[in-house]
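Structure, as structure tokens:
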Amino acid sequence: MLSAILVMAGIGLVLGAILGWASIKFRVEDDPLVEKIDAVLPQTQCGQCGFPGCKPYAEAIARGEADINKCPPGGEEGVKHLAELLGVEPKPLGEGLEPKPKAVAVIDENTCIGCTLCIQACPVDAIVGAAKQMHVIVASQCTGCELCLPPCPVDCIHMEVIKEDVATWKWRYPIHTMKQVE
Amino acid sequence: MTRKLFTFNGGVHPEGHKDVSNATPIANLPLLPRYVVPLRQHIGTPARALVQVGDTVLRGQMIGAAEGYVSTAVHAPTSGRVVALEPHEVPHPSGLADMCVVIESDGLDQAVEFQPLDWRNLDPSALRNRIRDLGLAGLGGAVFPSFIKLNPEGGGIDTLILNGAECEPWITCDDRLMRERAAEILQGVAVMRHMLGAREVLIGIEDNKPEAIAAMRAAAAGEAEVIAEVVSIRTLYPTGGGKQLTYILTGRETPTGGRSTDVGAQVFNIGTAYALYRAVALGEPMLSRVVTVTGHVAAPGNYEARLGTPVADLLQAAGGALPGSVGKLVGGPMMGFELENDAEDNAAPLTKAVNCIIVKHPDLFPAKPSALPCIRCGACARACPADLQPFEMYWFSRAKDFGKAQSYDLFDCIECGCCSFVCPSHIPLVDFFRFAKSEIWERERHKHDADQARTRHEFKDFRLEREKKEKAEKLAAKVAENKARDAATAAAIAGNAESADPEAERKKAILQAALDRAKKAKESIAPQNTDNLSPAVAKQIEEIEARRTQADTRPEHEEGK
Ligand code: SF4
Ligand code: SF4
Ligand code: SF4
Ligand code: SF4
């Protein structure tokens, strides 16, 4: 038991160290505005904004080259945040962009041929598996970006909308009848 | 001996309705044919199921193990067979289903062997683990895993407070428990005191429960070991709030965003102390609790029922709902919630969190008049025991300006309902605060997910970059190697013209190298991204692989035929 804990702790430390080192080594020029914008973006990394990920979109906004209403996963809420951050007026989401309910990708285990194409496509390494072995998506890490759908040669990946459960349920906006005061 | 007591600001005096249910002794429910045991009965991560459909279980057998730190176990309420492991209705304001183990009794009620705990000599952390595995969670309604609260965390806790205030209207289960089982409660208190190393033990009881105060005082007087002081406190809702009770008894104010432990006090409900007695002295897991069934029922009173008892059976034990009833409340009228899906065959079960079921009748619970605009009269602020400004929080919650709402200390709101109770405009203020809080929590969750995704994405980019670099380096090395070898071969040819065909030699060498490479590559094929898997995912992969092997072998068999 103890050795198992130590091994896990060790793996954790090593990965942590790599990540830490990577975050220092690969830090793109430390532009505080880009960081701030990136912090507001949902990190789905889906590319619907027309940029290859959230960070590039953040950079484009910071350079003044992209509008703030291009990110569907962020929704109106996200646009509002960006508007506040940049001190501009919020606006509706861009033409043809619409937020979808949050979903995760699921691989049909009997159809998957283990080609690893989806692993390469996933921007957040949420898919585990090896060549010629069935792949699995770790739901808690999947951002729902849908980038793994097109590369799959046997169309075995589909999106499942995340259902509300007791833990994620939210109290509804109270419906209370306001009496008219004459 | 009179102790100086303190009075918090605000508070209200709702009608008690305690006498409806507190006159009769706690009654036991008969063994039922079916129990529905939710795996999530506490705050934190739900328990992980240890049984499968078809398994036979014994009373007290652990059927769900604590998962992660903030969690605790659940146990089988009787002996029988697991007939389902599925989402099932539970008492929750959402009305959503949650994972439950459904057990069909075999009628024998056979138990596993219970082993009392030698709490004075057990290692503290081992003792806490046992208490976790016995499934103890706070029975006051918050159901926080008890073993965590019993950790002295460096010994800063000098005061142990027992909450017998039971300030919420209608509810009388703690009242009856104190009247009938005072000595046992105090035995549980002794264990708590031992574990926390607390110097002082204060038991706060509202003065509308004179019998309970007398019973507890009598028991405390006879007890040599626990020096507990039973303190009668003025009846004023919400004296039973943890921070409020701590202030009343000690004068210590819990800081904003803090807990009572920050000021050296740990608060437990009376019922939890009793459950701890059963756990330690008898070795019995948390299998049942006392619950008040009151309101518009034939025989209102308190019932000791096994966890997992369907609410319908509870009501039946209380003589059934009387004609004209309209819905049920779980908990009290100030802080409780409507039981959704109010069908007669209501299958939602009793859990550790449920201290009361109230059957409503329009005479007892008249419909609230519709709300009027806020007139900023300040009545809500005067009533608020947490010294908040509800009308400001309401204003911003209603406008969904959550940042502003939070800046008025929204998260210090204990959702006691005093503000809604006094508001002359009948605004359901607490509903807005609950709404705002859960929106903010969701935002926090999304933020956390986004941060994780960002890190993972950056790591992937880093990995790709590194692989690219490594590939380039390898290529360069290869080119250099080839060049060197070509040069060497040329030199050899020049030096020894009689040797065997050099071209053939060279080809053979290349072939051998390629074979070696292929062999090596084959050996080193390993699943990607498979380190650091959670056991659940690992298991999932295993199961899937098993299914696949089956699926794979089948067609081969058929071809072979
Ligand atoms: S659309 Fe939004 S979530 Fe998707 S990559 Fe662009 S910024 Fe990120
Ligand atoms: S698994 Fe698919 S949908 Fe999920 S994050 Fe990866 S690529 Fe996107
Ligand atoms: S009590 Fe009601 S009307 Fe008065 S200030 Fe508070 S919310 Fe407004
Ligand atoms: S519900 Fe919250 S705001 Fe209202 S009185 Fe209670 S603590 Fe104060």
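Everything numeric here is computed off the predicted structure, so don't read it as measured data. Just so it is clear: chains get the letters A, B, ... in the order the sequence lines come, proteins before strands, and each one is counted from 1.
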Sorted by chain and number, sequence neighbours left out, side chain to side chain donor-acceptor pair (under 3.5 Å) with A:Glu76 holds for none

Any salt bridge linking B:Glu439 with B:Arg443? Criterion: basic side-chain nitrogen under 4.0 Å from a carboxylate oxygen. yes

Between A:Pro123 and chain B, with a heavy-atom cut-off of 4.5 Å, which part of the residue counts as in contact: side chain, backbone, both or neither? both

Residues B:Arg445, B:Asp449: salt bridge by 4.0 Å N-O rule: no

So, the part of B:Lys437 with a heavy atom under 4.5 Å from chain A: the answer is neither

Between A:Thr143 (side chain only) and A:Thr44 (backbone N and O only), is there a donor and an acceptor less than 3.5 Å apart? yes

Side chain to side chain donor-acceptor pair (under 3.5 Å) with B:Lys400: which residues, sequence neighbours excluded? none

What's the separation between atom SG in A:Cys122 and atom NZ in B:Lys460, rounded to the nearest 0.5 Å? 6.0 Å

Of all the residues in residues 45-54 of chain A, which have a heavy atom that comes within less than 4.5 Å of a heavy atom in chain B? A:Gln45

Backbone N or O of A:Gln43 within a donor-acceptor pair of the B:Arg454 side chain at under 3.5 Å? no

For B:Ser425, is it the side chain, the backbone, both or neither that has a heavy atom under 4.5 Å from a heavy atom of chain A? neither

Residues in residues 152-170 of chain A near chain B [non-hydrogen atoms, under 4.5 Å]: A:Glu164, A:Asp165, A:Val166, A:Ala167, A:Thr168, A:Trp169, A:Lys170

Using modelled atom types and a 3.5 Å cut-off, is there a donor and acceptor pairing between side-chain atoms of B:Gln41 and backbone atoms of B:Lys352? yes

